[in-house]
Amino acid sequence: MIARLSGQIGLAYAFVDREVALSKRYWAWELVWIVYGIVTSLSVALIGRAAPVISGQVMDEATLDRFVLYLLVGSIAWRFLGIVFENVTEVIAWERWEGTIEYTFMAPVHRITHLLGMCVSSVIRASVFSTIILATILLFLHVDLSQANALSALVLLAVGSLAFIGLSMGAAVFPMLWTEKGLQMAYIVQAVVLLVSGVYYPVDVLPGWMQALAVISPATYVIHGLRAALVDGAEISALWSDVWPALLIGAISIPLGLRAFLFAERYAKRTGRLKRSG
Amino acid sequence: MALVIERTIDQGPPAASDLALVAKNVVKAFHASGKDEKNKRIRAVDGISLSVLRGEIYGLLGANGSGKSTLIRLFSTLLEADSGQVTIFGYDIRDDEMAVKRLINRVSVEASFFKKLSAMENLVYAGRLYGVAPAQSRLRGTKILERLGIDAKRHDEPLEKLSRGMQQKVAIARAFLTAPTLLLLDEPTTGLDIRSKREVQAFVRELRAEHDATILLTTHDLEEAERLSDRIGIVDRGKLVAEGTVAELLTNANVSTLEEAFMGLTGHKLEDADERSEPHAP
């Protein structure tokens, strides 16, 4: 049993190792995405810094610091969750683009092991990117992290990763079923999650029907909890109201997403879609 | 016209353990891709039955679109048959999919690699998927690549910088690295220059001799089929229209060349592509 488990972990590691090697080879593109992430988050933080000028209202320094951090947490957390979502969602599209999809799906690897490897590499990539983005912004801008509770934030990111992995596995089905348009569909799912999850504003300002969608988006709880941890220094015990819904969504979405993926793989095998070109 | 040459009686039927692959009445149909033919289904594989013996090189000869690549994709677990049964070394391809996957490997007409990774990185990755330790993969990979004429200094270059012929050799090295019991070669030499083609063909024979591998080869190259195969199956419009050794095919068709036999059995030249093929997915 232990030997079997370690064998599967070794197989999953093959995908992590491959992704690391690909990141090294595509270093110029990785640099582009990091710069893009820095610029986006920095721009959002600067909007916060300019709030008194834009609104014509006087704001004291503490309020301004809080507002900047509020926006920054949303921006960087979304970058983290977005990378997890995109990497897992693109698991089919990327292999198709490289031309390796047939080889990967023919290999004697359980799909759950394959996806586990891809999910782990996505979380590693998201963590590295987010850390670099945050560190770079701290060089350019004063950000008040004096109240931040790093442990609570890490727990929330871990829980958020799980919840997003389930969602992404479900969305990865689209490129499997619709060779040409599937990835576009997955990006629309991601865009809707961005809109309704309170990334840059509280969900209370959303129209009623969007607030209903916010309830089922894991990002809503992760970002709300992260703000409480990083802006107000909340302990993990005080964040349970954000942790349990995210955990529940993960507990439902991971098995559902995996099942949908396996179903789509079977369907693709019946209809001849499991190949490098449409 | 169907001409299936049975094994001669004095040889006796092969024991189950001698059979590497058995396909029984396999059917695979696809929806037509044309605008006016959406509801039309085309049988890419139409009731094919064949057996490949352990250690044999079996050549599937057919024009482009005749159904031979669809058949290979079915055997590779990348497609599911509509009906019929396929077993590989006794394992049912659908019920024992993972066991089958451990026994097979495939080289397709297009070398499928992570283009930015080097030949060695691709080999090590492939080796891991089949349970071969990285150090072992590097050792075996180096030997096979050098045997195929790829200089050691090119092993660490990104694959995209290697020629098409070299990429195909790396694909063959990758397949043999995992020591498959059944190797599916789907037009492995298409697009290669004569020299590379000969090198690959010699390597295939050599590896069969040294590693007791069974090889199922698809080709639309008559010379290649004749040079490599112990037995040849001729596929036309999704059906297996004839099967046997080259000598048996010539004798039964009463002709002197394989090309004439092919024309006699199918009614057209090998170069004439069959228009039926798998549709494009939406």
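Fair warning: this is a prediction, and the values are worked out from it, not measured in the lab. Letters go in sequence order (proteins before strands), and every chain restarts at 1.
The heavy-atom pair separating A/His110 from B/Met98 by the smallest distance is ND1-CE, 3.5 Å. Taking every heavy atom of both residues into account, A/Met106 and B/Ser76 meet most closely at CG-O, 3.0 Å. Residues B/Arg106 and A/Tyr103 come closest through the heavy atom pair O-CE1, 4.2 Å. Closest approach of B/Tyr130 and A/Pro108 over heavy atoms only: CE2-CD, 3.2 Å. Nearest approach of A/Gly272 to B/Phe30, heavy atoms of both residues: CA-CE2, 4.0 Å. Closest non-hydrogen pair, B/Lys115 versus A/Trp97, comes out as NZ-O, 3.2 Å.
The main-chain N or O of A/Gly99 is found under 3.5 Å from a side-chain atom of B/Ser112 such that the two form a donor-acceptor pair. Side-chain N or O atoms of B/Lys116 include none that pairs as donor or acceptor with a backbone N or O of A/Lys24 at under 3.5 Å.
Heavy atoms of other residues, nucleotides or ligands lying less than 6.0 angstrom from CD1 of A/Ile112 number 12 at most. Heavy atoms of other residues, nucleotides or ligands lying less than 6.0 angstrom from CZ of A/Arg111 number more than 12. Around the OH atom of A/Tyr36, the shell of radius 6.0 Å holds no more than 12 heavy atoms that belong to other residues, nucleotides or ligands.
Contact tally against chain A (heavy-atom pairs below 4.5 Å) for B/Asp82, B/Leu129, B/Asn105, B/Leu78: the top residue is B/Leu78. Contact tally against chain B (heavy-atom pairs below 4.5 Å) for A/Ala268, A/Gly10, A/Ala107, A/Ala21: the top residue is A/Ala107. Comparing B/Lys28, B/Arg102, B/Glu80 by how many heavy-atom pairs each has under 4.5 Å with chain A, the most go to B/Glu80.
Within the 4.5 angstrom heavy-atom criterion, no atom of B/Asn122 approaches chain A.
Judged by the 6.0 Å and 45° rule, A/Arg25 forms no cation-pi pair with B/Phe114.
Ion pair B/Glu97/A/Arg266 flagged as a salt bridge, since at least one NZ, NE, NH1 or NH2 atom sits closer than 4.0 Å to an Asp/Glu carboxylate oxygen.
Summarising the geometry, atom OH belonging to B/Tyr125 is positioned 9.0 Å from atom CG belonging to A/Leu22; distances are rounded to the nearest 0.5 Å.
Taking the side chain as every heavy atom from C-beta outward, B/Arg73 and A/Lys275 approach each other to under 4.5 Å.
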